[in-house]
Amino acid sequence: MTLVERLVNLFDKTFGLERDRFSLNLAPEDVPNWDSIGHMNLVMYMEQEFNQHFEVDEIMEMSSPAKILEILKAKGVPE
Amino acid sequence: MTQQDHNIAEKILSGGRSEDPAILYGSEIVTHKQLRAAAYGWAGRLLRQGLAPGDRVGLLAENSPFFIAAYLGVIRAGLCAVPFPLDSSENTIERIALSTGMKLMLVSARFKARVESVAQALGIALEDESKASPAPPDVHYTFPAIDPRRDLAAIMLTSGSTGESKGVMVTHHNIECNSQDIIQYLGLTSNDRTMTVLPFYYCYGTSLLHTHLMAGASLVLNNRFMFPEKVLDEMAEKNCTGFAGVPSTYQILLRKTRFAKRSFPSLRWLQQAGGKLPNPFIQEIRRAFPHVRLFIMYGQTEATARLSYLPPEKLDDKLGSIGKGLPGARLEVLKDDGAPIRPGSDEVGEIVASGDNITLGYWNDLDETALFFRHGKLYTGDMAKVDRDGYIFIVERARDFIKAMGNRVSPKEIEEVISEMPEVVEVAVIGVPDDIWGEAVKAYLTTSRPDQLTVEQVRTYCLGRLPNYKVPEYVEFLPQLPKTPNGKVAKEVLRKMSTDSV
């Protein structure tokens with residue numbers, strides 16, 4: 001599975017976001033429940049999925065799937 | 001005035017002009033008239049369920065028009081609202097539902113799954129946000145009369161000294177008096193509009209709800225403070241006149257966003273409560289927004305919300321002070337023998353409060369109530385000095401709570417989790433000053449396997465068992481923990497060690 005596909009799954013698991021609504025440029029206000037609580041759930045699932053720990057600064061920068069991808073790649077998660 | 005006109009929800013729901021906005025939530029706008037109809041819709045529905053006056057109704061929802069309508073509907077119907085913290089686990093929900101003898105729970109869609117099995121097991125009725133429709137304008141309800149000084153509008157949950165949450169019993173009269181004081185000193189009018197990021201289950205958030213709606217003002221709800229720059233965008237776009245935060249809110253805005261460099265032409269005031277904002281941050285805000293009135297305030301859930309404020313014009317002169325008591329709240333600073341400390345001296349005493357905002361005590365907990373509520377006064381546990389002009393300066397909290405990200409964190413809960421690790425011998429958790437979180441959690445521990453247990457292992461263990469903000473930011477191993485003569489861990493020594501090591 002590619003990194004983007006794993007992210008699509010995580011958005012589905014966390015927010016119940018239908019796959020065809022996923023795009024790399026989604027903003028939190030486009031996704032119901034992507035508020036502070038939803039975001040912490042997303043981070044928790046990502047930490048499990050990618051076996052990574054995220055710093056506060058990284059968490060606050062994850063405001064779109066595209067930015068999340070950048071952060072994951074910078075941490076060496078393979079595409 | 002009839003007896004039922006004392007209902008605080010009625011006063012809050014009658015505060016605004018019908019067609020003025022009361023709530024702005026994303027692209028949704030709810031007018032005062034629509035909010036009143038929605039709250040009456042819930043009140044009517046609850047009364048038809050056969051609930052008796054004073055019955056407890058749980059509420060688990062993020063800040064939303066649903067939360068506000070349901071909360072005010074519960075109170076309007078003469079029932080008692082119990083808002084759950086959003087991170088409540090199933091066990092916590094069960095414990096609170098049982099101890100309050102809850103009859104019904106109202107939940108937003110996203111939390112339904114978390115409460116369903118608890119509600120079923122305890123035989124508690126469950127209603128989700130889809131269930132109520134606004135009351136038709138021509139329907140006339142007869143709501144049960146309430147006694148404003150005795151009947152509870154809400155039970156607000158707060159962490160107790162043992163780490164278990166306690167329910168503070170708040171009456172209709174408590175809310176009315178405290179709200180009127182706050183409206184008066186902030187000078188709130190129907191022209192005000194506040195950016196609201198604090199949760200409504202927390203007394204500071206609830207006080208924003210009470211005061212703004214009562215003054216006919218409006219609330220912009222934004223639950224995405226994790227993306228603070230976006231909150232600021234909305235604040236500017238929606239012409240907010242006010243903003244309220246806890247220390248970490250301002251610390252994040254000043255350190256992680258362009259807050260201080262941006263322009264907010266409509267902004268009239270900022271308010272801060274929920275712990276001590278370090279003086280350098282207060283000064284930074286003053287420099288960035290010289291024309292905005294900054295209110296530094298102090299309060300406790302046990303006092304409904306607010307106890308004191310420092311008038312903005314005194315900020316430079318009395319930097320670091322929590323000000324003086326509100327018009328309706330008398331604050332004294334008393335020594336152990338009950339005598340007041342001498343203003344202008346170095347004497348330290350406990351802040352003791354009296355007034356119509358002091359609540360009735362803790363639900364179902366006579367021991368704790370007797371400890372903190374004595375002779376009609378609230379013993380706050382906060383230790384303070386008073387200067388010669390009567391301004392109060394808090395020296396330290398007698399209670400050991402850590403205030404991380406605006407959350408009241410009980411060290412005991414974290415200590416218990418870490419103690420579960422087999423390699424851990426002893427652990428003590430304290431709060432250390434932190435520019436971003438207000439206070440960060442630091443754990444000191446001794447281990448039986450110094451060669452094996454790592455800082456990362458401790459943090460990872462906590463990550464799976466505690467909400468993120470309770471996971472220790474710092475972990476330090478010691479050969480032994482400092483102790484007091486009676487064998488208790490000397491946390492004061494640890495605090496000093498941690499300060500000295502910075």
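Throughout, protein chains are lettered first and strands after them, A, B, ... in sequence-line order, and every chain is numbered starting at 1. Computed from heavy atoms alone, side chains included, the values below leave out hydrogens, waters and symmetry copies.
Under a 4.0 Å N-O distance rule, the pair B:Arg258/B:Asp233 does not qualify as a salt bridge. Salt bridge A:Lys75/A:Glu58: present, at least one basic N to carboxylate O contact under 4.0 Å.
No part of A:Met44 comes within reach of chain B, as not one of its non-hydrogen atoms sits under 4.5 angstrom from that chain. With a 4.5 Å cut-off on non-hydrogen atoms, A:Gln48 does not touch chain B at all. Residue B:Asn223 touches chain A through both its backbone and its side chain, counting heavy-atom pairs closer than 4.5 Å. Of the atoms belonging to A:Met40, it is side-chain heavy atoms, and not backbone ones, that fall under 4.5 Å from chain B. Of the two parts of B:Pro228, only the side chain, counted from C-beta on, holds a non-hydrogen atom closer than 4.5 Å to a non-hydrogen atom of chain A.
Contact count against chain B (heavy-atom pairs under 4.5 Å) is highest for A:Pro28 among A:Ser63, A:Ala27, A:Pro28, A:Gly38.
Under the 6.0 Å cut-off for aromatic ring centres, B:Tyr250 and B:Phe281 do not qualify, their centroids lying 6.0 Å or more apart.
Around atom CD of A:Glu79, no more than 12 heavy atoms belonging to other residues, nucleotides or ligands sit under 6.0 Å away.
When all heavy atoms of B:Tyr469 and B:Val441 are compared, the pair lying nearest together is O-CG2, 3.9 Å.
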